[in-house]
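See structure below.
As a basis for the values below, the full set of heavy atoms in this structure was taken, side chains included, without hydrogen atoms, waters or symmetry mates. Whatever order the structure lists them in is the order used to number ligands and atoms, beginning at 1.
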Amino acid sequence: KVLISLLLFTSVAVAFFAFRPKKQKKPNIVFIMSDDHAYQAISAYDKRLTKTPNIDRIAKEGMLFTNACVTNSICAPSRAVILTGKHSHINGKIDNYFPFDSTNITFPQILQANGYQTAMFGKLHFGNNPKGFDEFQILPDQGDYYNPDFITKKEGRKKLLGYVTDIITDLTINWLKNERDEDKPFFLAYLHKAPHREWLPAQRHFKEYLQKTFPEPTTLFDNCEGRGRASKEAEMNLLTHMNWAGDSKVFPENMQKLGIKESHPYDIRFYNNTVGRMNPEQRKAWDEAYGKMNDEFVKKYPTMTEKEKMQWRYQRYMQDYLACIASVDDGVGKVLDFLKQNNLEENTIVVYTSDQGFYLGEHGWFDKRFIFDESFKTPLLVKWPTVIKPGSKNTKMVQNLDFAQTFLEAAGIKAPSDMQGESLIPIFKGNGNKFRDAAYYHYYEYPSVHMVKRHYGIVTEKYKLVHFYYDIDEWELYDRINDKNEMKNVYNDPKYAAVKKELHQKLAQLRVKYKDSETLDKKYIEKYKELEGSGKI
Ligand code: SGN
Ligand code: CA
């Protein structure tokens with residue numbers, strides 16, 4: 001009798017626990033960000049250059065944002081905007097040189113305090129460690145492609161053998177597999193160094209990419225005639241500002257043989273610092289693959305015209321850049337597969353983005369920094385199966401400023417009132433009609449590498465108004481609908497007088513709304529000069 005009632009009790013208890021309605025757990029968040037990944041190099045956006053089947057899965061199963069943009073198109077400042085939900089002039093991280101003020105409250109700290117397990121792997125680029133993370137393994141500063149060092153929370157600094165993108169993926173999956181607390185929701189930041197300059201691909205992608213030819217952008221030979229001085233004086237040209245050894249991988253001995261001067265005093269040193277990290281096995285594969293390319297180049301170079309040199313450099317650039325992205329895409333595929341195979345798919349928000357956009361030869365350029373579309377816009381793909389309709393597209397000007405409030409709302413947490421973005425949750429649900437209709441932008445790092453002048457401006461669906469300042473005082477206005485490549489500054493065109501007036505007013509209002517001002521512009525110039533004086537720039 002005792003046995004029967006015990007059995008009965010156990011089966012009732014088992015049935016109760018098995019069939020009780022499960023409490024909806026707060027969503028997990030996987031935030032994937034690469035460094036300098038242009039939307040032109042994601043096939044969900046543009047099929048001309050390359051295929052990124054795994055990154056594209058996020059759009060297929062979720063939402064593709066075609067007008068996502070940043071507030072300040074440069075690495076560490078973008079990361080600071082993302083983590084704090086505040087513009088650069090408020091969080092203080094205006095450029096790559098200023099230290100990140102770690103008294104800022106970041107959203108991972110808030111998630112952690114509210115029961116989230118948090119982890120970060122890859123590139124942060126702050127010069128100090130992230131707060132609010134239970135676990136992190138990050139690259140020091142820019143990090144290295146081959147055999148990179150990592151700063152780890154548990155074991156200090158260590159060198160890991162292998163290719164950086166694959167290592168970051170392995171660390172991420174290893175954490176999901178072995179360190180995740182199944183009773184907690186998690187926030188996981190999976191942050192690639194690739195495809196940042198100097199674009200060193202993984203060995204498995206040499207064969208396919210080093211042989212390929214890519215279509216040239218229509219503006220490859222543009223000399224920015226229709227733009228102002230800021231574009232003309234920027235140092236981002238593929239032919240004149242890219243490094244022959246460091247970037248194009250011309251062997252230093254071939255440069256000597258051909259009489260090619262270094263484009264930058266550290267060109268060959270850059271090459272030796274990056275390729276020099278390889279172990280003998282990695283170096284052998286590298287020298288073989290890049291040796292072939294070098295042999296062909298040595299033969300061709302003496303008879304090449306300037307135009308042909310530019311075309312050659314563009315192809316070289318794309319081969320390495322896109323091969324780096326192939327590894328990122330492989331890694332994203334592995335992480336998405338892991339989520340699927342481990343029943344984590346349904347309740348996980350997956351975001352893919354970059355810290356900013358990037359020039360892939362448009363206007364003859366590489367790098368970013370400008371308010372112009374290629375660098376101002378950034379890829380953004382988001383999936384969240386229970387909330388976002390698969391295969392949807394959105395054209396709103398969402399910004400990196402919006403992530404903090406979005407993630408906090410997704411976690412059911414009220415965001416601090418001084419955050420400056422807007423939650424994307426209404427957009428995810430298909431009702432974002434009241435979203436911002438104008439984005440504010442402010443770039444500071446000048447004088448510095450690439451010499452892009454300080455500027456701030458407003459971008460609406462139809463127009464872009466920009467003020468370049470510091471050692472210049474020029475305004476530029478672009479018609480985004482009729483001049484997609486932003487070839488002609490129409491600031492002084494009388495046809496645009498009314499538009500210009502209205503945009504000036506709106507820009508002034510945005511400066512007030514976001515608490516930016518001429519006083520702050522001056523303060524940051526003074527601080528920059530102090531840093532310059534101390535030799536840190
Ligand atoms: C390095 C690069 C620059 C790049 C900055 C900032 N030169 O200085 O081309 O603009 O980083 O990039 S390199 O030869 O050292 O690679 S950022 O992504 O960190 O903002
Ligand atoms: Ca970057």
Side-chain angles (χ1 to χ4, degrees), residues 32-39 41 68-83 88 93-100 122-127 138-146 148 164-165 189 191-200 234-238 240-250 262-277 313 316-317 320-321 324-325 328 352-361 365-370 374-380 400 443-453 536-537:
I32 314 173
M33 185 160 75
S34 45
D35 194 339
D36 294 354
H37 192 171
Y39 54 86
C69 53
V70 296
T71 64
N72 179 3
S73 181
I74 182 154
C75 192
S78 168
R79 292 152 202 268
V81 167
I82 291 171
L83 289 171
S88 306
K93 181 82 181 127
I94 56 156
D95 59 34
N96 278 343
Y97 302 117
F98 272 75
F100 176 69
K123 180 168 169 183
L124 176 64
H125 197 193
F126 270 4
I138 56 170
L139 296 164
D141 194 34
Q142 297 279 14
D144 283 294
Y145 274 104
Y146 276 83
V164 72
T165 306
L191 310 173
H192 283 296
K193 169 195 169 59
H196 190 271
R197 195 179 182 190
E198 286 126 341
W199 316 296
L200 270 65
E235 298 182 353
M236 302 182 1
N237 186 272
L238 297 184
T240 42
H241 303 113
M242 222 178 219
N243 297 324
W244 285 97
D247 295 324
S248 296
K249 323 301 188 314
V250 173
E262 290 185 282
S263 347
H264 184 282
Y266 295 130
D267 183 357
I268 290 175
R269 209 183 304 169
F270 281 141
Y271 183 83
N272 291 333
N273 284 347
T274 55
V275 175
R277 289 186 71 86
R313 300 206 80 169
R316 267 305 21 263
Y317 171 34
D320 291 344
Y321 181 89
C324 287
I325 287 170
V328 172
Y352 186 88
T353 191
S354 167
D355 57 348
Q356 9 67 205
F358 212 67
Y359 281 98
L360 304 184
W365 286 348
F366 67 109
D367 214 65
K368 58 266 178 172
R369 298 161 192 265
F370 274 113
E374 292 82 352
S375 75
F376 167 71
K377 290 192 357 181
T378 195
L380 178 61
N400 56 348
Y443 170 81
Y444 298 83
E445 195 183 287
Y446 179 88
S448 177
V449 57
H450 302 299
M451 296 303 271
V452 173
K453 294 185 191 291
K536 289 192 179 133
I537 289 180

Legend entry - Residue pair Ser34, Tyr352: steps toward the side chain to side chain donor-acceptor pair (under 3.5 Å) verdict: CA-CA 8 Å; Ser34 45; Tyr352 186 88; 2.7 Å; yes
Legend entry - Atoms of ligand 1, numbered as shown, that sit under 4.0 Å from any heavy atom of Asp36: 18 (O)
Inset, instruction - With the side chain counted from C-beta on, respond yes when His125 and Asp141 share a heavy-atom pair under 4.5 Å apart, and no when they do not. - result: yes
Inset, instruction - Flag the pair Glu374 / Leu360 as yes when at least one side-chain heavy-atom distance between them is below 4.5 Å, and no otherwise. - result: no
Legend entry - Phe358 side chain near Asp367 side chain, heavy-atom distance below 4.5 Å: yes
Inset, instruction - List every atom of ligand 1 that sits less than 4.0 Å from any heavy atom of Arg369, numbering the atoms from 1 in the order shown and giving each element. - result: 4 (C), 5 (C), 6 (C), 10 (O)
Legend entry - Under 4.0 Å to a heavy atom of Asp35 - the qualifying atoms of ligand 1, by number: 18 (O)
Inset, instruction - Drop me the distance from Glu198's CD to Gln142's CD, to the nearest 0.5 angstrom. - result: 9.5 Å
Inset, instruction - Enumerate the atoms of ligand 1 whose separation from the nearest heavy atom of His125 is less than 4.0 angstrom. - result: 19 (O)
Inset, instruction - Say whether Asn96, considering both its backbone and side-chain N or O atoms, lies within less than 3.5 Å of an N or O atom on ligand 1. - result: yes
Legend entry - Atom indices of ligand 1, in the order listed, that fall short of 4.0 Å to a heavy atom of Phe270: 14 (O)
Legend entry - Protein N, O or S atoms under 3.0 Å from the Ca ion (ligand 2): 5
Inset, instruction - Determine the interplanar angle of the Phe366 and Trp199 rings, folded into 0 to 90°, and report it as parallel if under 30°, tilted if 30 to 60°, perpendicular if over 60°. - result: perpendicular
Legend entry - Option whose closest heavy atom lies nearest to atom 12 (O) of ligand 1, chosen from Lys368, His450, Met236: Lys368
Legend entry - Ring-face cation contact, Trp244 with Arg313, 6.0 Å cut, 45° max: yes
Inset, instruction - Name the closest protein heavy atom to atom 19 (O) of ligand 1, giving the residue it belongs to and the distance to 0.1 Å. - result: Gln142 NE2, 2.9 Å
Inset, instruction - For the residue pair Val164 and His192, establish whether any side-chain heavy-atom pair is separated by less than 4.5 Å. - result: no
Inset, instruction - First locate atom CD of Glu235, then atom NE2 of His241, and finally report the distance between them rounded to the nearest 0.5 Å. - result: 4.5 Å
Inset, instruction - Tell me which protein heavy atom sits closest to atom 17 (S) of ligand 1, plus the residue, atom name and distance to 0.1 Å. - result: Cys75 CB, 3.1 Å
Legend entry - Protein contact to atom 7 (N) of ligand 1 [nearest heavy atom, distance to 0.1 Å]: Arg197 NH1, 3.2 Å
Inset, instruction - Would you please classify the geometry between the Tyr266 ring and the Phe270 ring as parallel, tilted or perpendicular, with 30° and 60° separating the classes? - result: perpendicular
Inset, instruction - Nearest heavy atom to atom 14 (O) of ligand 1 wins, so pick from Glu198, Gln356, His196. - result: Glu198
Inset, instruction - Please confirm whether His264 comes under 4.0 Å of ligand 1, counting heavy atoms of the residue only. - result: no
Legend entry - Nearest-neighbour protein heavy atom for atom 8 (O) of ligand 1, which is reported as residue plus atom name and distance: Val449 CG1, 4.2 Å
Inset, instruction - Determine whether the side chains of Arg369 and Tyr443 contain a donor N or O and an acceptor N or O closer than 3.5 Å. - result: yes
Legend entry - Atoms in ligand 1 with a heavy atom of Asp367 nearer than 4.0 Å: 4 (C), 9 (O), 10 (O)
Legend entry - Student check: side-chain heavy atoms of Leu83 and Leu124 closer than 4.5 Å: yes
Legend entry - Asp36 with Lys368: basic N within carboxylate O range, under 4.0 Å: yes
